[in-house]
Protein chains: 2
Amino acid sequence: MVGFPLNATAASLLGFLHEGPMTGWDLVALAQRRIGNFWSLTQSQVYRELAAMAGAGLVEAGERGRRDRRPYAITAAGRDAFAAWIDQEPGSETIRFPLLLTVAFGRHLPPDRLAMFLARHRAVHAERLAGYERLQAEAAAAGNHADPFALATLAFGLAHERAVLGWFDGLPVVLGAEATQAADDPGVEG
Amino acid sequence: MVGFPLNATAASLLGFLHEGPMTGWDLVALAQRRIGNFWSLTQSQVYRELAAMAGAGLVEAGERGRRDRRPYAITAAGRDAFAAWIDQEPGSETIRFPLLLTVAFGRHLPPDRLAMFLARHRAVHAERLAGYERLQAEAAAAGNHADPFALATLAFGLAHERAVLGWFDGLPVVLGAEATQAADDPGVEG
DNA sequence: CGTTTCATGTAAGTCGTTACATGATTCC
DNA sequence: GGAATCATGTAACGACTTACATGAAACG
């Protein structure tokens, strides 16, 4: 008896609802904070999944509150569906990194323009890393009270951003400068 | 005038077609090798984008060859569209890492099960890293003939996979064993 | 001759993004 | 009163996946 087929995004919402009833708005904010690092979701998706799950009986909408806030609570069926979901082998990673496409086809771009793109993206990643480091410092200050699971996902963000910055810094200047000559080259294939 | 709106996947196909006419099949294989590392695409997408771009005049289908192979060649309009695409600021990175969702909600899983997931995924990443290292060794053996742009994207793959493995190895055994105080299980060990 | 691999394509459905519409509440 | 923010939702589209259908050629 397969229940309602949960996708990872919907399942995450159920995961959060274990902590208590929440509105779509709250869920968007919480997901951003807790899993936004490695899982993106939009407002639209959240409301859509909540509506679908309400239809399937996995969550229940409560009374509308102050600002039309409508809290959703997880049901017993929702807990079951979540438990079944999380017991499955997680799928494999998906990365889509448009900047790398630009680099891969970099011979078609003026070197200074590629250099500019690289510099701008590097700055974004540096800032993101700084944010993660602040979070880590806060967690350290809080002592043992931090959730080890949250720390583990934060550690991933740190490792990833450090790797990305290291990659930026290890890039040969070549890519942003030498390619002036390479632009004539028909491209070398191995 | 705005040309045909290119998405990154279609643009990549045009990028490859700069190297000469190719069939959908060839493009799938080539993309897998050259950008599969940070950009996924499926056969279906490739044929669809080729058909759409042919309709828009960005590529031209040639005569069907031996095995019904139909080569596509980039047109002048295609080169223009590609040039316009690559000149744009690349969008930001998207990562979707289901295993991290499992970790984030790890308190809802038996520790040994989480440990098993972690171990299996670690093995996949270790193998992928080994593959990248082989490619790097080959490139080094080939000397200066390697494309610096291809080397740069390979360097990203290496950096990323090393970071991921480092993350696995830095995870406290706690995550896989905490709840069961008796740690027969080495948890996540490489 | 039969199996595998090559090769092209369609169909159906899910997922995700963007943009918009609506209105309540707070804050100045 | 007016602007900003909170909050919910819809509409429309575009992107991606999975599964399937079809057949040619190579290989044994």
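Order of the sequence lines sets the chain letters (A, B, ...), proteins ahead of strands, with each chain counted from 1.
A straight line from CG of A/Leu30 to P of D/dA7 spans 14 Å, rounded to a whole angstrom. Remark: P of D/dT8 and CH2 of A/Trp25 are 8 Å apart, rounded to the nearest angstrom. Rounding to whole angstrom units, CG of residue A/Leu6 and P of C/dT14 are separated by 14 Å.
A heavy-atom distance below 4.5 Å is found between the side chains of A/Tyr132 and A/Asn37. Side-chain contact between A/Leu100 and B/Ile35 is absent, with no heavy atoms from C-beta onward closer than 4.5 Å.
Candidate nucleotides C/dT8, D/dT17, D/dC6 were compared by shortest atom distance to the side chain of B/Ser40, and D/dT17 ranks first. For B/Arg70, counting side-chain heavy atoms from C-beta on, the closest listed nucleotide (C/dG9, C/dC6, D/dC6) is C/dG9.
With hydrogens and angles ignored, the 3.5 Å screen pairs a side-chain donor or acceptor of B/Trp167 with a backbone N or O of A/Ala152.
Contacts of A/Asp147 classified as salt bridge (charged side-chain N to carboxylate O under 4.0 Å, His left out), with partners at least two apart in sequence or in another chain: B/Arg107.
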A/His121 vs B/Glu89, test: side chain to side chain donor-acceptor pair (under 3.5 Å). Steps then yes/no. CA-CA 10 Å; A/His121 281 251; B/Glu89 172 96 35; 3.2 Å; yes
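Taken residue by residue, residues 7-17 of chain A places heavy atoms nearer than 4.0 Å to DNA chain C at A/Asn7, A/Thr9. Non-hydrogen atoms lying under 4.0 Å from DNA chain D are contributed by B/Thr42, B/Ser44, B/Gln45, B/Arg48, all within residues 41-52 of chain B.
Ring geometry, A/Phe168 versus A/His125: the interplanar angle falls from 30° to 60°, so the pair is classed tilted.
Ion pairing between a basic and an acidic side chain is recognised when a charged N comes within 4.0 Å of a carboxylate O; B/Arg122 and B/Glu127 show no such pairing. A salt bridge between B/Arg128 and B/Glu133 is absent, with no side-chain N of the basic residue lying under 4.0 Å from a carboxylate O of the acidic one.
Residue A/Arg69 places at least one side-chain N or O closer than 4.0 Å to OP1 or OP2 of D/dA7.
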